Amino acid sequence: MKQYQIELRKARDLVLTFHKRLCNVRVLDPACGSGNFLYVTLEHLKRLEGEVLNALEEYGISRTGLSAQTDLDVASERAISVEAQTVDPHQLLGIELNPRAAEIAEVVLWIGYLQWHFRTRGDVNPPQPVIRDFRNIENRDAVLAYERMEYVTDERGVPVTRWDGNTMKKSPVTGEDIPDDSARVPLERYVSPRKAVWPQADFVVGNPPFIGASSMRRALGDGYVEALRSTWTDVPESADFVMYWWHHAAVLAQHGAIERFGFITTNSIRQTFNRRVIESALNPPTPKPQPPYAPPPGDAVAVNFSELQKHVRGDSVAIPFGSRPIAPLSLVFAIPDHPWVDSADGAAVRIAMTVAARRASTGELRAVTSELDGDKDEVAVTLQSRRGIIHADLSTGADVTSARALRANEGISCPGLKLHGAGFIVTSDQAQLLGLGAIAGLERYIRPYRNGRDLRQAA
């Protein structure tokens, strides 16, 4: 009987330890908007806490409301005190540029918390004060910090302007929409730009802005994009805006500062210009040892988060090889192509979902096999799942992205003439207007052109 009581107490202590961990875990959404992702996260944490509290009751530990009660210890028949802890909004962290959305996000979290409390606890009032200012939602830029923003002026001190990137007008010639050059905004300059620092967290989730690399200047302005790219030199300039979030989270995970992260991005994350960011996270360069430091045994590494953040934002901080090893990441979950309705304008887009963790190996890859339109812009999808090592192009099996050209084939074949579009193709009449047949030597530059389709149609 004594052994049974010992094992029972061990099991109870294990559940108590898990509950303490649950009440201290921190989840960050660095593009939180009005708090939808954080609200869903809070619901899942509270649901899991409910299961934990039910298990504790089976071990003789009861709770009324949000305060802990004292029950008889089944192992030693003495009273025990359970720390009064519960999952609450202070664990949900957010960064949001829009001040109104940031305020809404904090309110949304408290509404969700109180709804859950009264739904599960009935008329029992929550502890006082009911609402507290945890300052867990920050109103600022999540990827770029700077001292100030100022407007660019010419030699006369007049502000230099550009097209606002949005306003269109009808062309008097074609009737099509063209940029309205009269709609202008001032050019901006960002002084002392640097990488933004994120609050310390255990997990990172989010749905960062869907802005492609080719649209960033129009949407964000030349000054912002130049400051962003000059600061984040480790992110390719051809990468979409969302990849700055992905890369920042990857660096933190590689150093063990967060456990894992997951983002919703556009499905172009699989393409070469974005895939480079993922490849660098999955296969980071091996740093050279710096004496007198040496790699520690295993993966038990204590990370100084504040110092690491200085390194992430580009400060001159030495990170010894042995104290903060860069570990490769693995994709533990991915959906390469999924239908989505953009909350900004309601447009139907295709998105990808990726979750990465440190020192994992295989992951779960889900592919959409069928789609059925439903009511209220909803789409019912059927997913097929497979497990394996998920590569940077969000595929399993052979890693075709790592294929290299055979040296044995060098110099024995030619891809031929590749125009990549019809911009350089002219008709016979246009060629004559350009001077073909009249200007000596022009026949060397304007030549007959045929492609495979022409040959196939002629046959």
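This structure is a prediction, so every number in the text was calculated from the model and none was measured.
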Task: Evaluation steps, side chain to side chain contact (heavy atoms under 4.5 Å, CB included), between V52 and F18 - done: CA-CA 8 Å; V52 173; F18 178 78; 3.6 Å; yes
With distance as the sole test, does [X] use its side chain to make a donor-acceptor pair with the main-chain N or O of [Y] at under 3.5 Å?
{"X": "N139", "Y": "L97", "answer": "yes"}
{"X": "E106", "Y": "E103", "answer": "no"}
{"X": "D29", "Y": "V204", "answer": "no"}
{"X": "R366", "Y": "Q384", "answer": "no"}
{"X": "R275", "Y": "R270", "answer": "yes"}
{"X": "W245", "Y": "P30", "answer": "yes"}
{"X": "D337", "Y": "N267", "answer": "no"}

Open item on the list: Any donor-acceptor pair under 3.5 Å linking the side-chain atoms of D141 with those of Y224?
Closed with: yes
TODO: Return yes if a side-chain donor-acceptor contact under 3.5 Å exists between S268 and D240, otherwise no.
DONE: yes
Task: Close side-chain approach of V87 and V25, heavy atoms under 4.5 Å - done: no
Open item on the list: Could you check, using the six-membered ring where one of them is a Trp, whether W116 and Y113 have ring centers closer than 6.0 angstrom?
Closed with: no
- [ ] Sequence neighbours left out, what passes side-chain hydrogen bond (donor to acceptor under 3.5 Å, both in side chains) with S395? Give chain and number order.
- [x] D393
Open item on the list: Taking CZ in R119 as the centre, count heavy atoms belonging to other residues, nucleotides or ligands within less than 6.0 Å. Is the count above 12?
Closed with: yes
